[in-house]
Amino acid sequence: MRITKVEVYKVTLRYREVFRIALGASSRTTNLIVKIYTDEGMMGIGESCPSRRITHDSIETNLEALELLAPKLIGVDPTRIEYIHKLFRKVYGNPSIKAALDMAMHDIIGKAAGLPVYKLLGGFRSEIVTDITIGIKSPKEMAKAAVNLVEKGFRTLKLKVGVDPDEDVERIKAVRDSVGGDIAIRIDANQGWSVREAIDVLNKVYRYDIQLCEQPVKYNDLEGMARVKERSPIPIMADESVHDAKDAIKLVKLNAADVVNIKLMKCGGLHEAIKIASICESAGISNMIGCMGESRIAITAGVHLAMALENIIYCDLDSDLLNLDEVVAEGGASIEGDVRRVPDAPGLGIKGLKEDMLVFIKRWE
């Protein structure tokens, strides 16, 4: 089997409402969709959601990277994932477009094998439970949103914080008071606190039964995060601090977190994600699978990964639920209450896209 053609498209997806985190606010996301074709009549789909603030890439740099990578993929057997990732390393950065290409390859491999991707990668479970994220608002507004989401069937809430420590405590208290004690609450500061602020806030909100705190301090301050972990009564999860397997090793050496959040857009795809999970599992650190502003395409790949690996015990796969627009026409990850599943179909299980939403950019063959 050989790759015969690579196509790239652009799509813009609106959020249901302005989404605010400690790093800023946004109302929409612009992503790239790749389609990879083979000489055996199979086509794989992948998605890139770049972020200058997190992954340090953009639509423009993704397309520049694709100009270098796509011609090298023509004629290559898509099952040679290790070799393909060696080609990826010859192009600096741009993990999100590499993730798109990687998930398209896995889609093809699954179709060729006649198996869902999660069964190829480990097949540990048949469904996962996701949280749902509430962006930064006033305490009263966040409490109202929390009640609404719980009524829709979500049992785990992820609260964005990190703007003002005192207000953050009020936000967390308001949500806990509004939903009662049976709902799990996670908080995510997105690097918004200093070490001292993080320790102070986490000790204050411990009484509200917080499951974990994500990225309390700056991504490059692993020593500071290790100090927070040592003094926090709440488990600490690294997100922006860990992009790839090398970052995971640094974090393990410093004992800087209890959990590591894997995101396909950060690490460059399923292949590297598995390496991160293996390192963490060997070190006794559990994993979350998270997301950014992806549509159901990349979310589906994330659900496959979460279903495949035992060490991924937390899931934050909700960005497609926060989008007003959806590019997948049929197939992909489903949601029932807060339970996500994928079709028992070969590959990713995405059967069709809303082609009228896609803006064609370029084809290589």
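Since the model is a prediction, treat every value here as computed from it, not as a measurement. Heavy atoms only: backbone and side chains are in, while hydrogens, waters and symmetry mates are out.
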query: Checking salt bridge (Lys or Arg N to Asp or Glu O under 4.0 Å) for the pair Arg2/Glu40: CA distance, chi angles, key distance, verdict?
result: CA-CA 8 Å; Arg2 294 289 183 269; Glu40 295 187 7; over 6 Å; no
task: Take Ser58 and Arg52 through the side chain to side chain donor-acceptor pair (under 3.5 Å) test and state the conclusion after the steps.
output: CA-CA 6 Å; Ser58 64; Arg52 289 192 181 276; 3.2 Å; yes
query: Should Glu47 and Ser295 be marked as a side chain to side chain donor-acceptor pair (under 3.5 Å) after you check the CA-CA gap, both sets of side-chain angles, and the distance that decides it?
result: CA-CA 8 Å; Glu47 180 182 17; Ser295 75; 2.9 Å; yes
message: As a quick check of understanding, evaluate side chain to side chain donor-acceptor pair (under 3.5 Å) for Asn31 and Ser48, giving each step before the final call.
response: CA-CA 6 Å; Asn31 300 350; Ser48 163; over 6 Å; no
- request: Please report the C-alpha distance between Asn261 and Glu214 in whole Å, then the side-chain angles of each, then the deciding distance to 0.1 Å, and finally whether the side chain to side chain donor-acceptor pair (under 3.5 Å) criterion is met.
  value: CA-CA 8 Å; Asn261 189 356; Glu214 185 174 351; 2.9 Å; yes
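For Asn94 and Thr61, the side-chain atoms include at least one donor-acceptor pair closer than 3.5 Å. Side-chain N/O atoms of Glu7 and Tyr37 include a donor and acceptor closer than 3.5 Å. A donor-acceptor contact closer than 3.5 angstrom links the side chains of Asp168 and Trp193. In this model, a donor atom of one side chain and an acceptor atom of the other lie less than 3.5 Å apart for His271 and Glu82. A side-chain donor-acceptor contact under 3.5 Å links Thr30 and Thr12.
Within the 3.5 Å criterion, the main-chain N or O of Lys98 finds no donor-acceptor partner in the side chain of Asp102. Judged purely by atom type and a 3.5 angstrom limit, Glu141 uses its side chain to pair as donor or acceptor with the backbone of Ser138.
Its side chain outside the 4.5 Å cluster rule for every partner, Phe124 clusters with none of the Ile, Leu, Val, Met, Phe, Trp and Tyr residues.
Counting heavy-atom neighbours within 6.0 Å of Phe360 CZ, excluding the residue itself, gives a total above 12. Enclosure of atom NZ in Lys10 is not indicated, since only 12 or fewer non-hydrogen atoms of other residues, nucleotides or ligands lie within 6.0 angstrom. Crowding of Lys5 atom NZ: a count of heavy atoms from other residues, nucleotides or ligands under 6.0 Å exceeding 12. Counting non-hydrogen atoms of other residues, nucleotides and ligands closer than 6.0 Å to NZ of Lys137 gives a total above 12. The environment of Tyr219 atom OH is sparse: at most 12 non-hydrogen atoms of other residues, nucleotides or ligands sit within 6.0 angstrom. Within a 6.0 Å radius of CZ in Arg196, other residues, nucleotides and ligands contribute 12 heavy atoms or fewer. Within 6.0 Å of NZ on Lys351 lie no more than 12 heavy atoms contributed by other residues, nucleotides or ligands.
Note on Glu240 versus Arg53: no salt bridge recorded, every NZ/NE/NH1/NH2 to OD/OE distance being 4.0 Å or above.
A salt bridge (Lys or Arg N to Asp or Glu O under 4.0 Å) with Arg340 holds for exactly one of Asp320, Asp131, Asp318; it is Asp320. A side chain to side chain donor-acceptor pair (under 3.5 Å) with Lys158 is found for one member of Thr130, Thr133, Asp316 and no other, namely Asp316.
Counting heavy atoms from C-beta on, the side chains of Leu322 and Ile132 come closer than 4.5 Å.
Residues satisfying the salt bridge (charged side-chain N to carboxylate O under 4.0 Å, His left out) test with Asp325, not counting sequence neighbours, are Arg14. Qualifying side chain to side chain donor-acceptor pair (under 3.5 Å) partners for Lys35, counting only residues two or more places apart in sequence or in other chains: Glu355.
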